[in-house]
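Here is the structure we will look at.
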Amino acid sequence: MSKKLLYTLLTILLLTSVILVACSSSNETETPDQPADTTSSTTNTSESCAPNCTYQDLTLCYPQLGAESDWRTANTASIKETAEQLGIKQLIFSDAQQKQENQISAVRACIAQGVDVIALPPVVEDGWDAVLTEAKNAGIPVIIVDRSVSADSSLYASHIGSNMVLEGERAAEEFNKLLADGGAILELSGTTGSGAAVGRADGLRNKLNSNITILDSQTGNFTRAEALPVMQAFLQKYQPGVDFQGVFIHNDDMGIGAIEALKAAGVNPGDLVIVSVDGTRGGFQAMVDGWFQADVECNPLLGPQVFEMALKLMNGETIEREVLTNETVYYPENAAELLPSRQY
Ligand code: GYE
């Protein structure tokens with residue numbers, strides 16, 4: 001054997017052993033409670049177990065948008081409980097307090113940590129292109145959960161959530177029935193620029209009969225506390241029963257805030273046509289009490305679908321680009337009967 005050949009063989013042997021050591025040590029470092037600075041082991045996780053990854057291999061990032069409503073609380077609980085039940089490797093959960101910049105920072109931290117999948121409920125529709133591109137470049141699939149984004153669909157894997165336009169259309173149909181002779185309504189809308197508020201507002205306008213006008217529309221940011229002064233301000237400007245006959249409210253929490261304002265002003269909410277969205281226990285109670293005439297369902301219990309899809313993505317399986325929740329409308333007639341079995 002020539003010296004040159006021997007030298008080449010030795011070099012190959014040395015390189016192979018270096019690679020083997022590197023691979024085995026990266027697997028060993030994938031412990032359940034890894035700190036946020038482990039960039040290298042990241043994409044290895046899915047690559048090493050795919051296509052046979054299990055929930056025990058999955059690290060999922062859920063940068064929750066806030067805790068503004070009972071719907072949101074139920075959504076958070078669904079994600080946390082499902083993670084627990086399935087025994088996933090790690091759930092990285094954060095609360096952005098309804099601030100997009102906080103959500104973007106949380107997504108960036110998850111990218112740096114090298115999670116397997118990011119499931120993002122975006123507070124507003126616009127402004128996600130840059131961070132979604134960063135996730136894509138890092139090879140981390142993103143599932144948009146709940147509200148939609150305006151970014152190009154090539155930047156995320158799928159959207160799981162409700163059809164917000166349909167919810168607005170369903171509300172319009174209730175007003176068309178209950179204000180058959182026409183009238184005027186007020187709109188208390190959700191967070192400005194959010195997929196939920198934009199969709200519900202569009203849906204309402206799509207289907208509202210031409211003899212019903214929208215007198216005014218203001219945001220209450222999906223919270224009870226912010227809806228109350230908005231309703232008070234409406235009452236300073238418009239006379240209930242004279243200037244307006246109904247109120248469309250984008251979620252139950254704001255509906256409850258609005259009812260407080262109406263009652264405090266000596267107005268019986270039951271004399272108006274109030275239609276809300278979500279179908280929370282609070283909304284059901286408002287129907288039992290005679291304040292809401294209808295409550296359009298929006299289901300927050302998305303945990304099982306989110307994790308199932310995340311695992312499929314990790315294993316490189318094909319997934320549906322859009323998964324819409326099947327929903328209905330609830331009425332006062334059977335609200336008392338259904339209330340005890342409501343899960344949120
Ligand atoms: O209707 C509201 C929450 O995005 C569907 O956000 C969700 C909405 C829900 O604050 O209660």
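Model, not experiment: these values are computed from the prediction. Counting starts at 1 for both ligands and their atoms, in listed order.
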Nearest-option assignment for atom 5 (C) of ligand 1, heavy atoms, candidates Val296, Asp146, Thr325: Asp146
Can you find an N/O atom of [X] closer than 3.5 Å to an N/O atom of ligand 1?
{"X": "Asp253", "value": "no"}
{"X": "Asp278", "value": "yes"}
{"X": "Arg147", "value": "yes"}

Aromatic plane relationship, His250 with Phe222 - under 30° parallel, 30 to 60° tilted, over 60° perpendicular: tilted
Glu167, portion touching ligand 1 at heavy-atom distance under 4.0 Å: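 Neither part.
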Distance from atom 2 (C) of ligand 1 to nearest protein heavy atom, with residue and atom: Asn251 ND2, 3.5 Å
Residue and atom name of the nearest protein heavy atom (relative to atom 10 (O) of ligand 1), distance in Å to one decimal: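 Ranking protein heavy atoms by distance from atom 10 (O) of ligand 1, first comes Glu68 OE2, 2.4 Å.
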Ser162 to ligand 1, any heavy atom closer than 4.0 Å: no
Non-hydrogen atom of Met254 closer than 4.0 Å to ligand 1: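 It does not, in that no heavy atom of Met254 comes within the 4.0 Å cut-off of ligand 1.
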Pair [X] + [Y], salt bridge at N-O below 4.0 Å:
{"X": "Asp146", "Y": "Arg72", "answer": "yes"}
{"X": "Lys312", "Y": "Glu320", "answer": "no"}
{"X": "Arg170", "Y": "Glu173", "answer": "no"}

Test of ring centre spacing under 6.0 Å for Phe307 and Tyr55: no
